[in-house]
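The structure displayed is predicted, hence computed values, not measured ones. Below, read A as the first sequence line, B as the second, and so on, with proteins coming before strands; counting in each chain starts at 1.
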There are 2 protein chains.
Amino acid sequence: MRCNVDIVNIAPGDGRYDAAVSSYHHGNLREALVQAAVVLGREKGPDGIVLREVARRAGVSHNAAYRHFADRDELVREVARVGLDELSAAMQARVKRVRVTDPVARARRRLRETGKAYVDYAIAEPGLFATAFSVVALGELDGPYEHLSAALDECLAVGFLPPEKRDGAELSCWAGVHGFSMLYGTGPLSEAPKKERDADLDRLLDRIDDSLRG
Amino acid sequence: MRCNVDIVNIAPGDGRYDAAVSSYHHGNLREALVQAAVVLGREKGPDGIVLREVARRAGVSHNAAYRHFADRDELVREVARVGLDELSAAMQARVKRVRVTDPVARARRRLRETGKAYVDYAIAEPGLFATAFSVVALGELDGPYEHLSAALDECLAVGFLPPEKRDGAELSCWAGVHGFSMLYGTGPLSEAPKKERDADLDRLLDRIDDSLRG
DNA sequence: GACTGGATGTGGACAGTGACAACATAACGA
DNA sequence: TCGTTATGTTGTCACTGTCCACATCCAGTC
């Protein structure tokens with residue numbers, strides 16, 4: 001008879017595993033493992049997601065995870081998905097908060113906020129951001145990518161972005177904010193003071209704005 | 001009496017260790033270790049630089065490296081330096097090859113080649129590029145950064161880049177090419193066809209050019 | 001020319017890791 | 001009720017980075 005810790009013993013929306021008592025079977029181990037892995041990924045990045053430590057934190061033996069994930073990589077991918085979801089949500093929330101009426105100014109502002117949200121998330125959550133991009137394939141990026149596409153479509157619709165520049169615009173914008181995120185997040189500029197970083201980000205977003213202007 | 005393999009037993013420019021015969025003492029182990037580590041880093045990235053494998057390839061026991069490097073990290077940093085040197089050299093070589101006489105066209109072209117060289121190196125050598133940026137501090141980036149600065153100075157001098165845009169121009173350019181390199185090098189776009197990648201790179205460099213124009 | 005001290009390389013150990021196999025227990029369905 | 005299956009555990013393996021004690025060799029001194 002073993003005593004497991006009783007974190008996340010309730011499967012949300014799934015009545016089968018509602019026993020919150022300690023027992024041989026955890027009840028909702030998969031979720032508990034993912035949550036523990038997310039904590040580690042958030043704190044230490046992809047390499048910090050150590051299977052045995054995750055199991056320890058879920059109060060379970062070192063091999064239990066193999067009943068729910070084929071290998072470590074599959075667990076890391078789950079964490080990456082969480083990071084991408086958070087990133088996507090952060091972008092959407094930021095864009096929704098824009099209160100500008102002039103159509104052109106509004107479109108430009110939404111694109112800028114999209115980029116700002118991307119970078120802000122990367123810097124606020126370097127571990128999860130790195131985990132996300134250590135693993136992700138293009139198909140899983142739908143959320144963030146769609147937000148960027150929508151912002152660019154709006155810039156096109158209001159006449160700010162000329163049609164001949166629409167092709168590949170996602171990529172040039174994405175590259176800019178992604179590079180900034182890497183350089184300042186976990187890269188060579190990660191020790192730079194916040195003040196300087198903010199100024200650099202503003203200028204970067206200004207240049208992106210310039211680059212799209214007709 | 002042990003038989004070490006006889007790779008890099010000649011210390012370049014150092015006559016003291018010119019015995020190329022096998023012996024207990026390697027002769028130029030530090031260099032041999034760095035070279036083996038560079039090979040691993042080139043093939044598999046920073047995580048592929050495994051101390052014991054490096055030692056194996058240098059024909060030496062698993063602990064020998066500790067006479068030359070404090071720990072694994074110090075060896076990885078050496079590999080990073082090699083990567084940065086190669087990157088810097090690639091940028092310089094590319095810029096030197098520009099044959100354009102018109103001053104403005106020449107300045108723009110040199111900036112473009114600077115960026116192209118950066119991305120090309122990142123994609124040709126994803127392992128070393130990732131190793132370099134897994135470790136590097138700002139101070140060690142002098143080479144590549146100076147080349148970019150010089151190209152931007154030239155754009156300013158010939159009147160293409162307006163003075164009010166000069167501040168922070170390094171960063172917006174760097175972010176763009178760095179982000180592109182990450183996305184296409186080891187990131188979510190690494191599986192994309194070369195044709196598409198080339199088109200995207202051209203458009204990115206076009207947009208950077210646009211963004212600096214007065 | 002022998003001796004010795006410091007530099008360099010070796011062998012053995014340890015804790016930590018991802019993974020596999022065999023076993024234990026609980027839940028579920030006939 | 002009983003076996004089948006899902007889930008968790010223990011034990012083990014190969015591999016890693018790092019530390020320790022020891023071996024070997026080179027260089028400079030008597």
> List for me each residue that meets side-chain hydrogen bond (donor to acceptor under 3.5 Å, both in side chains) alongside Asp85(A), sequence neighbours excluded, and say none if there are none.
Arg81(A)
> Expressed as a whole number of angstroms, how long is the span from Asp73(A):CG to dT17(C):C1'?
15 Å
> Could you work out, with side chain to side chain contact (heavy atoms under 4.5 Å, CB included) as the rule, every residue matching Ala55(A), not counting sequence neighbours?
Val60(A)
> How many whole angstroms separate atom CG of Leu40(A) from atom P of dT17(C)?
10 Å
> Just the atom pairs and distances: protein N or O near nucleotides 13-16 of chain D's N or O, under 3.5 Å.
| residue | atom | partner | partner atom | Å |
| --- | --- | --- | --- | --- |
| dT16(D) | OP2 | Arg56(B) | NH2 | 2.7 |

> Between His68(B) (NE2) and dT10(C) (C1'), how many Å, whole number?
13 Å
> Mind calculating the distance between CG (Leu75(A)) and P (dT17(C)) to the nearest angstrom?
14 Å
> Write down the distance between CG (Asn28(B)) and P (dC26(D)), rounded to a whole number of angstrom.
15 Å
> Taking 4.0 Å as the cut-off, does a side-chain nitrogen or oxygen of Tyr66(A) come that near to OP1 or OP2 on dG18(C)?
no
> Can you tell me the distance, in whole Å, between the CZ atom of Arg67(A) and the C1' atom of dA26(C)?
13 Å
> Of the options dA19(C), dC23(C), dG9(C), whose atoms approach the side-chain atoms of Asp71(A) most closely?
dA19(C)
> Using modelled atom types and a 3.5 Å cut-off, is there a donor and acceptor pairing between side-chain atoms of Arg99(A) and backbone atoms of Lys96(A)?
yes
> What side-chain donor-acceptor pairs closer than 3.5 Å can you find for residues 115-125 of chain B, not counting sequence neighbours?
| residue | atom | partner | partner atom | Å |
| --- | --- | --- | --- | --- |
| Lys116(B) | NZ | Asp202(B) | OD1 | 3.3 |
| Tyr118(B) | OH | Trp174(B) | NE1 | 2.9 |
| Tyr118(B) | OH | His178(B) | ND1 | 2.8 |
| Asp120(B) | OD2 | Arg94(B) | NH1 | 3.2 |
| Asp120(B) | OD2 | Arg94(B) | NH2 | 2.9 |
| Tyr121(B) | OH | Glu86(B) | OE1 | 2.8 |
| Glu125(B) | OE2 | Arg42(B) | NH1 | 2.9 |

> Quick one: His62(B) NE2 to dC20(D) C1', roughly how many Å, whole number?
11 Å
> Establish whether the base of dG12(C) is bridged to the side chain of Asn63(B) by a donor-acceptor pair shorter than 3.5 Å.
yes
> Could you go through residues 150-157 of chain B and list every donor-acceptor pair under 3.5 Å that involves a side-chain atom there, pairing it with any protein atom two or more places apart or in another chain?
| residue | atom | partner | partner atom | Å |
| --- | --- | --- | --- | --- |
| Asp153(B) | OD1 | Arg166(B) | NE | 3.2 |
| Asp153(B) | OD1 | Arg166(B) | NH2 | 2.9 |
| Glu154(B) | OE1 | Arg110(B) | NH1 | 3.3 |

> Taking only residues two or more places apart in sequence, or in another chain, which ones meet Lys194(B) in a side-chain hydrogen bond (donor to acceptor under 3.5 Å, both in side chains)?
Asp198(B)
